[in-house]
Amino acid sequence: MVNLLRRSIPPAALAQLGAEAVWLLVAVLLARWLDGEPTAAITVNLGPALVFAITMVAFIGAFGLYRRDRKFVFGAYIGRLMLAMLIGAPVAYTAATILPGGGDFQQMFGEILILACAGLIIVRRVVVSPLVRTLLPHRVLVLGTGAEARVVETS
C-alpha cells in the first residue's frame with residue numbers, strides 16, 4: 001500500500017491509474033500522428049496531452065473507477081466511464097485553449113475522445129484486470145481441518 005494524503009492506495013489502483021494515464025497521453029499523440037504530422041505530435045501536443053490525461057484521470061477517479069472496494073460489472077464500468085468522459089471532456093477542451101498547440105488539439109478532439117474511450121476499455125480488460133488478479137488474489141480464512149477445508153485450500 002502506498003500512503004498519499006493520509007489515504008492508503010492499493011498497488012492495483014496505482015497500476016490502473018498509471019496504465020490509463022499513459023494511454024490517454026498516447027491517444028492524443030496517436031490522433032496527431034493519424035492526422036499526418038507525426039514529427040509534431042510530441043513537441044506541439046505534449047502540453048494539451050498532459051492536461052487531457054490529468055483531467056480525465058481526475059474525473060475517472062471522481063466517479064470511483066479506481067476504488068478497489070467496489071466491483072463494477074462491465075456495463076456499469078462503461079456507464080461511469082462515459083459519464084466521466086462526458087463531464088471531463090469540456091474541461092479538458094477549455095483548458096487546451098490557453099496552451100501552445102491547443103488549437104490543433106481542439107480540431108482533433110473528436111478523434112482523441114474516440115481513441116481514449118476505446119483504449120480505456122481495452123486497457124481495463126487486457127492490462128488492468130489480469131494485473132489486479134495477480135496483485136490482489138482473493139484471500140480466504142479457513143477455520144477447521146475437515147474435508148471441506150482441504151477443498152478450499154486446493155482451489
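- Among residues two or more places apart in sequence or in another chain, the side-chain contact (heavy atoms from CB on, under 4.5 Å) test is passed with Ala92 by Phe52, Thr55, Met56.
- Leu30 and Ile112 fall within the same hydrophobic cluster, defined by Ile, Leu, Val, Met, Phe, Trp and Tyr side-chain heavy atoms under 4.5 Å apart, directly or through other members.
- Cation-pi check for Arg125 over Phe74 is met; the charged atom lies under 6.0 angstrom from the ring centroid and within 45 degrees of its normal.
- Among all heavy-atom pairs drawn from Thr94 and Pro90, the shortest one is OG1-O, 2.8 Å.
- A continuous path of Ile, Leu, Val, Met, Phe, Trp and Tyr side chains, each step under 4.5 Å between heavy atoms, connects Tyr66 with Tyr77, placing both in one hydrophobic cluster.
- A single hydrophobic cluster is seen to contain both Leu34 and Leu24, as judged by linkage of ILVMFWY side chains at heavy-atom distances under 4.5 Å, directly or through other members.
- Between Leu115 and Trp23, the shortest heavy-atom distance links the atoms O-NE1, 3.1 Å.
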Can Met85 and Phe59 be said to form a side-chain contact (heavy atoms from CB on, under 4.5 Å), step by step? CA-CA 7 Å; Met85 296 294 276; Phe59 277 97; over 6 Å; no
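- Residues meeting the side-chain contact (heavy atoms from CB on, under 4.5 Å) test with Leu25, sequence neighbours left out: Ala49, Leu50, Ala53.
- Side-chain atoms of Phe63 and Leu81, non-hydrogen and from C-beta on, never get closer than 4.5 Å to each other.
- Here CZ of Arg32 is found 5.5 Å from CE of Met108. Values are rounded to the nearest 0.5 Å.
- Partners of Tyr93 under the ring-ring contact (aromatic ring centres under 6.0 Å, His included) rule, at least two apart in sequence or in another chain, are Phe109.
- Val22 pairs by the side-chain contact (heavy atoms from CB on, under 4.5 Å) definition with Val26, not counting sequence neighbours.
- With sequence neighbours excluded, no residue forms a side-chain contact (heavy atoms from CB on, under 4.5 Å) with Ile114.
- Following chains of ILVMFWY side-chain contacts shorter than 4.5 Å, one cannot reach Leu120 starting from Ile54, and the two form parts of different hydrophobic clusters.
- Residue Met82 comes nearest to Ile121 through the heavy atom pair CE-CD1, 4.3 Å, listed as atom of the first residue, atom of the second, then distance.
- In the hydrophobic cluster analysis, where Ile, Leu, Val, Met, Phe, Trp and Tyr join through side-chain heavy atoms closer than 4.5 angstrom, Leu99 is grouped apart from Val91.
- Taking Ile, Leu, Val, Met, Phe, Trp and Tyr as members and joining any whose side-chain heavy atoms lie under 4.5 Å apart, directly or through other members, Val73 forms no hydrophobic cluster with any other residue.
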